[in-house]
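See below for the structure under consideration.
Here the structure is a predicted model, which means the values were calculated and not measured. So you know, we letter chains A, B, ... as the sequences are listed, proteins then strands, and number each from 1.
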Amino acid sequence: MRNIFAALGIAVLAALAIWHTTSFPAESATWPRSVLIVMLLLSGILLVAELRSLRAAKSAAKSAGRAREPEAEASPPGEAGQRRRFLAVNALMLGYLVAVPLAGFYLATGVFLALYLACWGRPRPLPLVLLTLLPLAVLYAIVTLGLRIPVPQGLLL
Amino acid sequence: MEIYLQAIATVLEPFNIMVVALGVIAGVVLGALPGLSSTLGLALLIPVTFGLDPVPAFLLLGGMYSGSIYGGSITAILINVPGTPSSAATCLDGYPLTRQGRAGEALGMAVLASFFGGILSTFVLLFLAPPLARIGLMFGPPEQFWIAIFGLTVIVSIAGRSFIKGLMSGAFGVFLSTVGIDLMYGHPRFTFGSADLYEGIPLVPAIVGMFTIPVVIENASRLFSLPFDPASARIRNILPSFGRLRGMSWLFVRSSIIGTAVGIIPGAGTPVATFLAYDRARRSSPTPERFGNGELEGVAAPETANNAVESGTLVPLLTLGIPGNAVAAVYLGAMMIHGLDPGPTLFTDYGAIVYAIIMGLFLANIIMLVAGLGLIKLSINILRVPSYLLTPFIFIFAVIGSYAIRNNFFDVGLMLWLGFVGYWMVRNGFSVVAVVLGMILGPIAENAWFQCLVLFDGDMLQFAGRPICVVLIAMTLASAVVGSVREHRNRRKAAGVAAQTPEEGKAALSKAHGG
């Protein structure tokens, strides 16, 4: 089922993008429109192939005398802890994205690192502080002082 | 001859030697960590190369690539977990050797084999690429268009488990490449009024996001610890006897030829080369029954082949602009970012740089040999680093890298968004490699297409009827047919398995559908 939803979703997005190309001049629209039409066609092929596979699997199961029907999709990560960690890491990355323009790269990175290590590594307070500050110092030495790669500035730092 | 000597002199500058050494060491560390691939390493290193000239930049990337391929064998040998997919075949005999207390010999053989494979295939690259590039110079816009389409088709046919999804991913990449101001007519496309998108979606945030964020999410979601037992990894002997090595000389040559040939064929993939080399070594061994139970030749063959693939993939990349695997696709992106357009004119326009890059591969392999043998005992300690210490740093480097290219925080958001898209794609069997390749080859194809329209005024015979075009179209169709047939067969097989047991059916359907 997951693949069917994916094919439908991509088809809808491709159709919307094709509609958007109508606002372009004809010369500019030709190439992206051709690519999007290919995407739309491929979504259709995927949809048909998925439906046929499902039907074939069902009829094969029926002819084999099975009472239960196999489900097409792989089950999503089932473990509750895994799902929790999945949500936590996404929230942490998004939070970091918001924090950097406010707090600046190094402060936001320090908080991000400490939170990540606290949640995933569960170390004691002293190692946590050391594992946050030491890498930050090394990062500053390599990135800012050594390679002189610019890092995002924030309102605070 | 002069250009070779000039390239050697460039590579042997102290700064360049240091850069290669850093790349090799970083590559070994990264390759030894399961889940962190050569592709991810190169993607993270690209931003670091911004401040460097093209030669040291590509020496760093070349060193990282060579080192990571060897690094992948460390976990394969010590804990039966391939650090990179290219080391999967090394597990077969590497881990049994460790269990026999011969981890040192296995690691030593992996270093030596990687060295031989890397050196021999670099010789092939050095002598094969220039004549191929001269043939490539005959290519005009129609050939360039069909080369781009062929490059895209051939990699999607192997990049994902599903051919249709691979094609969809490639088309999505080409679509992403159309975002921004149309260079031909100057009209903004899909920018939705955002000035940050006028120049299009920058390649570095796209590559970094698509390759790193899925790894960060996956590593953080699934807590894992490596089943590393220091007692089983005691190091005694490292080097095999000279007589044993001499007896394996044909194995090194044969495995190098297999690796280089597979590397040259776009889309064939490193694991194919390693298993082929392993199989050939087993078949030609007087004691094939020992393979799988801890045979040094079983480590030597795949390790020679996987390093030989590296230079092999550079042959079509440097001469025709066709990347043969995921690493080459990222390498292609890096070349474009540094203003080097891979293709036939590369050797004429940037000969000095290209030959220095090739000579750098020799140096990378020599440094890998010295560092690999010298630091075997130390390299085992890489396995003690817990994954929770690495994952946040991958993300932090991804942020730095995406920001650095334009000093624009918008790119960091873009990187994260594309990373989420990449994660969804990976989870659902789509191919992020094909997306990146689509983003790289899309503008080349569009530009060539536009030139054809102007040059031939819509004459399709000129566009598709020239001899090289016909060959390229035939090759494109052939790879499409092979991909479609394989997908159809997978689906039928999956449906058949589904009829037997629901549980097996679920797994088979999921695999066949790339989900």
Side-chain angles (χ1 to χ4, degrees), chain A residues 2-3 6 10 17 20-21 24-25 27-28 31-32 35-36 38-39 42-43 45-46 49-50 53 56-57 60-61 63-64 66 68-75 77 82 85-86 88-90 93-94 96-97 100-101 105 109 112-113 116-117 120-121 131 135 139 143 147-152, chain B residues 47-48 50-51 164-165 167-168 171-172 174-175 178 182 184-185 187 189-190 213 216-217 220-223 386 388-389 391-393 395-396 399-400 403-404 407 409 412-413 416 420 428-430 442 446 449-450 487 491-492 494-496 498-500 502 505-507 509-510 512-515:
Chain A
R2 234 168 13 147
N3 283 321
I10 292 167
H20 186 66
T21 60
F24 304 165
E27 304 85 4
S28 283
W31 176 253
V35 174
L36 288 163
V38 170
M39 268 179 80
L42 289 169
S43 308
I45 294 171
L46 181 64
E50 284 299 321
S53 292
S63 65
R66 302 257 167 212
R68 284 175 59 192
E69 291 175 349
E71 288 172 28
E73 72 272 30
S75 52
Q82 194 170 315
R85 287 191 293 271
F86 169 80
V89 73
N90 282 303
M93 287 192 293
L94 287 171
Y96 180 77
L97 201 69
V100 171
F105 174 76
T109 301
F112 170 80
L113 255 180
Y116 191 96
L117 294 172
W120 271 263
L131 282 172
L139 260 184
V143 174
L147 296 168
R148 293 172 192 268
I149 295 174
V151 294
Chain B
V48 178
F50 288 158
I164 300 173
K165 287 182 178 178
L167 277 180
M168 287 171 82
F172 178 60
V174 177
F175 163 67
T178 65
D182 168 17
M184 263 64 94
Y185 302 100
H187 188 272
R189 301 186 295 203
F190 306 108
I213 298 300
V216 170
I217 297 175
S221 303
R222 300 169 192 268
L223 285 179
Y388 69 80
L389 275 183
T391 309
F393 285 101
F395 177 65
I396 291 165
V399 169
I400 295 171
Y403 179 79
N407 294 352
F409 198 70
V412 179
L416 196 57
F420 288 146
N428 288 284
F430 291 90
E446 184 182 6
W449 191 40
F450 172 77
E487 168 135 7
R491 283 177 185 277
R492 284 185 59 162
Q500 290 158 21
K506 272 188 206 175
L509 276 170
S510 163
H513 302 183

- Query: Of the listed residues (Leu94(A), Ile45(A), Val38(A)), which shares the most heavy-atom pairs with chain B below a 4.5 Å separation?
  - Reply: Leu94(A)
- Pick one of side chain, backbone, both or neither for Ile217(B), based on which atoms fall under 4.5 Å of a heavy atom in chain A. both
- Message: Are Phe409(B) and Phe105(A) an aromatic pair, judged by ring center distance below 6.0 Å?
- Response: no
- Query: Phe172(B) versus chain A, heavy atoms under 4.5 Å apart: side chain, backbone, both or neither?
  - Reply: both
- How are the rings of Phe24(A) and His187(B) set relative to one another: parallel (under 30°), tilted (30 to 60°) or perpendicular (over 60°)? tilted
- Query: Side chain, backbone, both or neither: which part of Leu113(A) has a heavy atom under 4.5 Å from chain B?
  - Reply: side chain
- With distance as the sole test, does Arg189(B) use its side chain to make a donor-acceptor pair with the main-chain N or O of Asp182(B) at under 3.5 Å? no
- Note on the structure: Residue from Val151(A), Val143(A), Thr21(A), Thr109(A) scoring the most non-hydrogen pairs under 4.5 Å with chain B is Val151(A)
- Query: What class does the angle between the rings of Phe190(B) and Phe175(B) fall in, given that below 30° is parallel, 30 to 60° is tilted and above 60° is perpendicular?
  - Reply: perpendicular
- Residues that Phe395(B) engages under ring-ring contact (aromatic ring centres under 6.0 Å, His included), provided they are two or more places apart: Tyr96(A), Phe112(A)
- Heaviest contributor of heavy-atom pairs below 4.5 Å to chain A, chosen from Val48(B), Val216(B), Val399(B), is Val399(B)
- Applying side-chain hydrogen bond (donor to acceptor under 3.5 Å, both in side chains), run through Lys165(B) and Asn3(A) and close with a yes or a no. CA-CA 10 Å; Lys165(B) 287 182 178 178; Asn3(A) 283 321; 2.4 Å; yes
- Task: Could you tell me which portion of Ala88(A) (side chain, backbone, both or neither) has an atom closer than 4.5 angstrom to a non-hydrogen atom of chain B?
- Result: neither
